Amino acid sequence: MDKKGMLIVISGFSGVGKGTVMQLVFDSIPNLQFSISCTSRKPRAGEENGVNYFFITEEEFEEKIKNDEFIEYTKTFTNYYGTLKSEIDGPLSRGVDVLLELNVVGARRIKELYPDCVTIFITPPSLDVLKARLIGRGTETKDSLKRRLAEIEKEGKDIENYDYAVTNNVARTCADAVVHIIESEHLKVSRQNLKNLFVSEE
Ligand code: 5GP
């Protein structure tokens, strides 16, 4: 097979509902693989090692940095997050599309390394809706909410570097839009091998 897979990067503020949207996207596109990142943060309730992330210690993470195992990595307040080369290169060369969920720093880095990747930013219907969702899920202290809102203001400036922005008002509608983007990107002439389409064999 000479057709390479496509890289899709999804970003969005925490609380925007990326998880639900991505699950619906995976249900709709069978030839799509999630790039499982490594992180040094502790798993949240319901998260599984090797499914949501590879949960490793800070020391293990630093060992992988030394061994050059990451395409990109980032350190937030206290945690490392990184994309393993092995999560990307294998599937892409087998013609499988790979979806990465990254913060804006990671997305920028991947765009530099793979200019033909497709970057999508999931936005909330409004800042007030996002604030209400963050408060509603009850996981934020006053301080962490303040920190998240500062982060949102900073990350928001990066939206203009993305190829697409999709609002998550209703998860199904948002997921459908993401699926349409992926399908349309595959139809781009530059992604298809059409050279011999009109060449007769005789
Ligand atoms: P969370 O702790 O909520 O799972 O993720 C925090 C942030 O890290 C999110 O914005 C998520 O997109 C980002 N993230 C997850 N994995 C990676 C990664 O491998 N690289 C980068 N740069 N960001 C990541």
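Read the numbers this way: they start at 1 and go in the same order the structure lists the ligands and their atoms. Positions are given from 1 along the sequence. Note that the coordinates shown come from a computational prediction; the quantities given were computed from them, not determined experimentally.
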Numbered atoms of ligand 1 (with element) below 4.0 Å of Gly106, judged on heavy atoms: 22 (N)
Interfacing atoms of ligand 1 (cut-off 4.0 Å, heavy-atom, Arg41):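 Counting from 1, the qualifying ligand atoms are 1 (P), 2 (O), 4 (O).
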Tyr114 side, atom OH; Ile8 side, atom CD1 - distance, nearest 0.5 Å: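 One finds 13.5 Å between OH of Tyr114 and CD1 of Ile8.
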What's the shortest distance from [atom] to any protein heavy atom, and which residue and atom give it?
| atom | value |
| --- | --- |
| atom 9 (C) of ligand 1 | Glu101 OE2, 3.9 Å |
| atom 5 (O) of ligand 1 | Tyr53 OH, 3.3 Å |
| atom 19 (O) of ligand 1 | Ser37 OG, 2.7 Å |
| atom 3 (O) of ligand 1 | Arg44 NH2, 3.0 Å |
| atom 2 (O) of ligand 1 | Tyr81 OH, 2.5 Å |

Gly82 N/O under 3.5 Å from ligand 1 N/O: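 So ligand 1 has an N or O lying under 3.5 Å from an N or O of Gly82.
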Asn103-ligand 1 polar pair, N/O distance under 3.5 Å: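 Looking only at distances, the answer is yes, because the N/O contact criterion of under 3.5 Å is met.
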Can you tell me if [X] contacts ligand 1 (heavy atom of the residue under 4.0 Å from the ligand)?
| X | result |
| --- | --- |
| Val105 | no |
| Arg109 | no |
| Phe70 | no |

Verify same cluster id: Ile120, Phe26 (apolar side-chain graph, 4.5 Å): yes
One thing to verify: whether [Y] and [X] come together as a salt bridge, which I'm taking to mean a side-chain N less than 4.0 angstrom from a carboxylate O.
| X | Y | value |
| --- | --- | --- |
| Glu101 | Lys18 | yes |
| Arg147 | Asp143 | no |
| Glu59 | Lys64 | no |
| Lys188 | Glu185 | yes |

Stepwise salt bridge (charged side-chain N to carboxylate O under 4.0 Å, His left out) test for Arg109 and Glu72: CA-CA 7 Å; Arg109 183 79 189 121; Glu72 65 78 38; over 6 Å; no
At under 4.0 Å between heavy atoms, which part of [X] makes contact with ligand 1: side chain, backbone, both or neither?
| X | value |
| --- | --- |
| Glu72 | side chain |
| Glu47 | neither |
| Leu102 | both |

Glu112 atom CD, over 12 foreign heavy atoms within 6.0 Å: yes
Worked check of side-chain contact (heavy atoms from CB on, under 4.5 Å) between Phe121 and Val166: CA-CA 6 Å; Phe121 201 98; Val166 183; over 6 Å; no
Any donor-acceptor pair under 3.5 Å from Thr39 side chain to Arg41 backbone: yes
